[in-house]
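Only a predicted model underlies this, so the values are computations on that prediction, with no experimental measurement involved. Order of the sequence lines sets the chain letters (A, B, ...), proteins ahead of strands, with each chain counted from 1.
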There are 2 protein chains.
Amino acid sequence: MPSKVPSSIKDGHTHKISEATVSRLPAYYRALSQLADAQQIRISSEELAALTGVSSAMLRKDLSHLGSYGTRGVGYEVEFLRYQISREMGLNQDWSVVIVGVGNLGRALAHYGGFGSRGFRVVALVDADQTLIGTKVKCGAEGKTVELLVHALSDLEDVIKETNARLGVVATPAESAQVVSDRLVKAGIRSILNFAPVHLSVPEGVDVRKVDLASELQILAFHEQRKAI
Amino acid sequence: MPSKVPSSIKDGHTHKISEATVSRLPAYYRALSQLADAQQIRISSEELAALTGVSSAMLRKDLSHLGSYGTRGVGYEVEFLRYQISREMGLNQDWSVVIVGVGNLGRALAHYGGFGSRGFRVVALVDADQTLIGTKVKCGAEGKTVELLVHALSDLEDVIKETNARLGVVATPAESAQVVSDRLVKAGIRSILNFAPVHLSVPEGVDVRKVDLASELQILAFHEQRKAI
DNA sequence: ACACATTTGTGCAAAAAAGCACAAATCGTC
DNA sequence: GACGATTTGTGCTTTTTTGCACAAATGTGT
C-alpha cells in the first residue's frame, strides 16, 4: 500500500471549480509568469493577491480548489504553481483560433501579442469583404509574426476543418454576428469570443464570452456620474 | 398637497443599484435602441430578456431598481424605457475620452464606431512613440470621422486639462500601464478602462475596468477542455 | 528537542446574486 | 361594468460569492 502518492496522480481534482474562480485564474497565471521571468522563486498569498488585486483569503481559497500546492509558513513556489494553473486551464496544449471579421478590430486582435501568449495561435482569418479576401495580414507580435491569407466567408466551414480551429472570434459588425455564430457552431466550434455588440444565441453546450467596449465605457460613466454628486 | 408628482421628480430613485444590474443595463439599452430604430413601440420583459440573454424575471427586477416604468398586462414602451436607462446611466450627457497608446489596439478603438456610440467621444490620443507623435489618426466610424493629432505622453496632463476628458483608456503595453494610470489619476481622471494585461492599482475613488483578451480566451479554453472529457 | 514566528488551508458567517411564484394592475371583450 | 387573459413588480427561497478567523503545518533559532 503506497503511503505517498505521486503528486501527478494525487491532484486529480475533478472538483467543480466555481465560475468566479475560473475568471480569476488567468490573472494569477499572468502574474506568476511575470514573477517567473523575474526569477522569483517563491511568493506568499498576500503578495500575489496584491499583484492581482484580490484579497489574500480569496486567492488562497481559489488556489485550494486546484489542489494543495502551497507550503504553510512559506508560500507558493512560483514556477510550480504557474504550471499547475496552466495545466488546469488547458494552457499546456495549443489552441487554434479563427478570427471572423478582419476590420480594424480583427486586425488589431490578429496583431495582438498577448493574444498569442502561450497556447493560443491565430490560424485563420475570414471576412466577407471582397476587397479584403486574398490579402495577407500579419499575425502575432514581434518575434514570430506570420502572414495569413484572408479567406472568404463562404469558405468558413472548410477553413475550420482544415485548420482544426477550436476557438472562434467574432469581430464582425453587429448585423452579421448571429449568422456568423450560427455557422461557426454548425462547423463544430463550441467556444466563441464575441466582440460584436449583440447577444449571440447559441445551442446548449456552446460557450460565448462577450467583450463589449461600449458597455464597459457606459458602466464607467454610470459610476463616474454618481461620483460628481 | 399634490397627489400626483411629476415623473421627473417622482423617479428620484437614489436606490443602491447593484453592480450586477449595472453591468446588464448597457445590454438592455442597446437592444432598446435597436428596437427603437426598427420603430417598435412596445416590448415585453420576456422578449427583451430573450434579446439580451437574461431571464425575464431578472430583467424585470433589474428594471424595477430604476423605477416602475412598465405597464402590467402590456409591457414596456421602448422609447420611454430607453430614455430612462440612458438618463440613469448618464448617457444623455457627453463623455470625453482620452486614449493613451495608439498602437494597433488603440487605433482600432479610436476607429470603433460603437465606441463613439451616443455619448462617448474620443477627444485626445496620446502615445510615447516619437514616430507616432504629431501624426493624425482617424477617429469615429463612417459618418462623422475626425482626425486627431497624436500628442506626446509628456503632455498628458495638459491634454487632459484642455480637452476636459473624464474617461481614460489605457491601451499601452503592460510595462507602461501602471505609470500611465498613475499620471491619469494625478491629472484628475477617476474612471479608467484598461486594456493592458496587468492589474492597475489606483487610489480609492478611482474606478478601473479591465478588458483582457487573453484572459477571455483562457477562460474559454478552460471550459472547452472540460467538454472534451 | 522545543518554543516561536509565519503562512497556508478551510469551516463558518455574511453578503450578493439569481430564481421562483404569485398577487396586483392593466387591457380587451362581452 | 364585470370577466378573463396578460404581464409587471416583488416577497421569499435558494444558490453563489465573498469575507473572517483560526487551527494545522512548516521553517528557524536556540
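Atom-to-atom, NZ of B/Lys16 to P of C/dA15 comes out at 15 Å; the value is rounded to the nearest Å. A/Leu81 has its CG atom 15 Å from the C1' atom of C/dT7, to the nearest Å. Taking atom CD on B/Glu19 and atom P on C/dA15, their separation rounds to 18 Å, with Å as the unit. In this structure, CG of B/Leu66 is placed 12 Å from P of D/dT10, rounded to the nearest angstrom. Atom CD in B/Glu77 sits about 15 Å away from atom C1' in D/dT7, given to the nearest Å. Residue A/Leu25 contributes atom CG, which lies 13 Å from atom P of D/dT17 at whole-angstrom precision. The CG atom of B/Leu63 sits 10 Å away from the C1' atom of D/dT8 (whole-angstrom rounding). Protein atom CG of B/Asp62 is 13 Å distant from nucleotide atom C1' of D/dG9, rounded to whole Å.
Within the nucleic acid shown, A/Thr21 has no heavy atom closer than 4.0 Å to any nucleic acid atom. No engagement by B/Ser56 is indicated, since no non-hydrogen atom pair under 4.0 Å with the nucleic acid exists.
Each end of the helix from C/dA1-D/dT30 to C/dC30-D/dG1 gets its own axis, taken as the rotation carrying the C1' atoms of four end pairs onto the next four within a five-pair window, and the two axes meet at 0° to the nearest 10 degrees.
In this structure B/Arg24 satisfies the salt bridge (Lys or Arg N to Asp or Glu O under 4.0 Å) test together with B/Asp62, sequence neighbours excluded. With sequence neighbours excluded, the residues satisfying salt bridge (Lys or Arg N to Asp or Glu O under 4.0 Å) with A/Glu216 are B/Arg209. Shown here are the salt bridge (Lys or Arg N to Asp or Glu O under 4.0 Å) partners of B/Arg107, two or more places apart in sequence or in another chain: there are none.
Looking at B/Glu224 and A/Arg166, a side-chain N of the basic residue comes within less than 4.0 Å of a carboxylate O on the acidic one, giving a salt bridge.
Summarising the local packing, CZ of B/Arg183 is surrounded by more than 12 heavy atoms from other residues, nucleotides or ligands at distances under 6.0 Å. With a 6.0 Å radius and a threshold of 12 heavy atoms from other residues, nucleotides or ligands, A/Glu46 has its CD atom at or below the threshold.
Looking at B/Glu47 and B/Ser44, their side chains do bring a donor and an acceptor atom within 3.5 Å of each other. No side-chain donor from either of A/His65 and A/Glu88 sits under 3.5 Å from a side-chain acceptor of the other. Side-chain contact of A/Ser45 with A/Arg60: a donor-acceptor pair under 3.5 Å is present, judged by distance alone.
Distances shown here put every side-chain N or O of A/Ser18 at or beyond 4.0 Å from the OP1 or OP2 atom of D/dT16. For the OP1/OP2 pair of D/dG9 and a distance below 4.0 Å, the side-chain nitrogens and oxygens of B/Tyr76 include at least one atom meeting the criterion.
Of the residues in residues 37-49 of chain B, those with a non-hydrogen atom less than 4.0 angstrom from any atom of DNA chain D are B/Ser44, B/Ser45.
In summary, the aromatic rings of A/Tyr76 and A/Tyr69 are positioned with their centroids too far apart to meet the 6.0 Å limit.
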When you check every protein heavy atom under 4.0 Å of nucleotides 19-28 of chain D, what one-letter string (B, S, -) results, 5' to 3'? B-B--BBBS-
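Judged purely by atom type and a 3.5 angstrom limit, B/Ser18 uses its side chain to pair as donor or acceptor with the backbone of B/Thr21.
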Using salt bridge (Lys or Arg N to Asp or Glu O under 4.0 Å), reason through B/Arg190 and B/Asp207 one step at a time and then give a plain yes or no. CA-CA 6 Å; B/Arg190 284 183 301 176; B/Asp207 278 323; over 6 Å; no
